[in-house]
Amino acid sequence: MKKRPKVIYYEDELNDEFAFDHIVPRKIGAEYRYVRDSAWKNFTRFFWYRLVAFPVAAVYLKCAFRHKIVNRRVIRRAKGQPFFLYGNHTHNLCDALIPTFVSVPRSVFVIVHANNISMPVLGALTPSLGAIPLPDDRASTRHFLDCVRVRIAQKKVVTIYPEAHIWPFYTKIRPFTSASFRYPVQFGVPSFCFTNVYRRRRFSKNPQIVTFVDGPFFPDVSLSEKDRREDLRNRIFAAMTERAKENNVEIIKYVRADKRTCARPCAAGSE
């Protein structure tokens, strides 16, 4: 008999978070050093990113989820340009790993929540793996934007999860704002998107993860800056929504809290 999916009740598609990692994030203030490009830091990034994380991630994704990427060839259309990469946010660990394989051999940086650099032990390594934490104040915002500018000038790939919050194994695309699309508009570079979908496997409780890649998407220079952001957001959202139709297994079912039958106090929990 087919196993019924776990149920999670949500209230706010834009702001609810279901990572369940219970990490207390550190404050990202003016003292946080975003750009670490000394010879030593470049070496440690090469060591942790290429020699350690890359092979371990490849084995994990293939063995645990039979990971496959579809349409990755479109990345070649960037022709050595820097670009932004947008994806859906549905897995705590895999979301940190998959952008590297979408963009290989290009070096990838990922805009992340401060939780990712606040973990015991591993948090100290994530900057070497490309984590760019979101800022908490005006001074750190300036440093954050400078960091993005530097990575684009270096022709790197910057990954963004516009949904912002993790909903594990979610099979649709949640609504997201155009705020994170300011960067490709500001820097005049292309964007790509990837959509992770979950496929049923006959002899494993873990689904297969298939990553669909689409793009490139260029800002429409005939529009105002605000409308460019909104137009880019809409086109990428549409592409991801279409790809999400490829999901064929639901491990966790997400239900709006006002549709549940039990009392209000357990509205944002799981069963």
Side-chain angles (χ1 to χ4, degrees), residues 1-21 57-58 60-75 84-103 110 159-177 180-181 191-215 217 232-260 268-271:
M1 184 172 68
K2 188 167 69 173
K3 184 179 178 181
R4 294 178 62 184
K6 175 182 178 180
V7 177
I8 290 180
Y9 294 93
Y10 69 90
E11 295 181 344
D12 185 345
E13 286 181 292
L14 285 176
N15 298 302
D16 282 356
E17 170 72 58
F18 298 110
F20 303 120
D21 50 22
Y60 171 74
L61 287 171
K62 184 59 69 174
C63 292
F65 294 100
R66 289 292 183 264
H67 180 237
K68 180 174 74 171
I69 300 177
V70 176
N71 205 36
R72 196 176 72 83
R73 65 182 182 277
V74 299
I75 296 293
F84 289 89
L85 183 63
Y86 293 86
N88 56 328
H89 214 2
T90 62
H91 197 282
N92 296 50
L93 180 56
C94 294
D95 287 356
L97 309 177
I98 288 173
T100 294
F101 298 96
V102 171
S103 304
V110 184
T159 299
I160 299 173
Y161 289 97
E163 294 172 324
H165 303 281
I166 297 176
W167 285 27
F169 299 105
Y170 190 58
T171 57
K172 298 179 182 178
I173 304 301
R174 286 169 280 143
F176 47 79
T177 72
S180 63
F181 294 87
S191 300
F192 292 84
C193 67
F194 66 92
T195 310
N196 293 322
V197 306
Y198 298 97
R199 308 284 294 176
R200 186 177 292 106
R201 291 167 64 187
R202 290 184 62 188
F203 303 110
S204 175
K205 64 179 182 180
N206 285 342
Q208 180 186 29
I209 297 179
V210 180
T211 301
F212 291 91
V213 187
D214 290 287
F217 302 89
L232 191 58
R233 176 264 178 212
N234 291 343
R235 285 185 282 139
I236 288 178
F237 181 82
M240 295 172 70
T241 298
E242 186 63 27
R243 292 298 195 181
K245 295 176 182 177
E246 298 290 334
N247 283 283
N248 71 0
V249 62
E250 188 174 45
I251 295 173
I252 300 177
K253 185 178 183 65
Y254 291 84
V255 178
R256 186 176 290 279
D258 57 16
K259 294 184 178 180
R260 68 177 300 152
S270 61
E271 295 184 345

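Counting only heavy atoms from C-beta outward, the side chains of Cys94 and Asn196 never approach each other to under 4.5 Å.
The side-chain contact (heavy atoms from CB on, under 4.5 Å) with Phe212 is formed by just one residue from the set Val70, Asn71, Val102; it is Val70. A ring pair (Phe, Tyr, Trp, His ring centres under 6.0 Å) with Tyr86 is found for one member of Phe192, Tyr161, Phe181 and no other, namely Phe181. Of the listed residues (Asp214, Asn88, Thr195), just one forms a side-chain hydrogen bond (donor to acceptor under 3.5 Å, both in side chains) with Arg243, and that residue is Asp214.
Using a 30° and 60° split on the angle between ring planes, Phe169 and His91 fall in the perpendicular class, above 60°. Between Phe237 and Phe176, the two ring planes are perpendicular [angle over 60°; tilted spans 30° to 60°].
Taking CG of Leu232 as the start and OG of Ser180 as the end, the distance is 9.0 Å to the nearest 0.5 Å. In this structure, Lys62 NZ and Lys68 NZ are separated by 8.5 Å, a value rounded to the nearest 0.5 Å. Rounding to the nearest 0.5 Å gives a distance of 9.0 Å between CH2 of Trp167 and CD1 of Ile8. The distance from the CD1 atom of Ile98 to the CD1 atom of Ile69 is 7.5 Å, given to the nearest 0.5 Å. With rounding to the nearest 0.5 angstrom, the CZ atom of Arg66 is 9.0 Å from the CD atom of Gln208. Taken to the nearest 0.5 Å, the CD1 atom of Ile252 stands 5.5 Å off from the NZ atom of Lys6.
The salt bridge (charged side-chain N to carboxylate O under 4.0 Å, His left out) check on Arg233 picks up nothing, with sequence neighbours excluded.
Side-chain atoms of Asn247 never come within 3.5 Å of backbone atoms of Val197 as a donor-acceptor pair (strictly under, hydrogens ignored). Remark: side-chain polar atoms of Asn92 are paired, donor with acceptor, to backbone N or O of Ala19 under 3.5 angstrom.
A donor-acceptor contact closer than 3.5 angstrom links the side chains of Thr90 and Tyr198.
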Going through the checks in order, is the side-chain contact (heavy atoms from CB on, under 4.5 Å) test met by Tyr60 and Leu93? CA-CA 10 Å; Tyr60 171 74; Leu93 180 56; 3.7 Å; yes
Could you give me the CA-CA distance, side-chain angles and deciding distance for Asp16 and Glu11, then say whether side-chain contact (heavy atoms from CB on, under 4.5 Å) is met? CA-CA 7 Å; Asp16 282 356; Glu11 295 181 344; 3.9 Å; yes
Working for salt bridge (Lys or Arg N to Asp or Glu O under 4.0 Å), residues Arg174 and Glu163: CA-CA 6 Å; Arg174 286 169 280 143; Glu163 294 172 324; 3.1 Å; yes
Kindly indicate, with the supporting measurements, whether the criterion ring pair (Phe, Tyr, Trp, His ring centres under 6.0 Å) is fulfilled by Tyr10 and Phe18. CA-CA 9 Å; Tyr10 69 90; Phe18 298 110; 7.5 Å; no
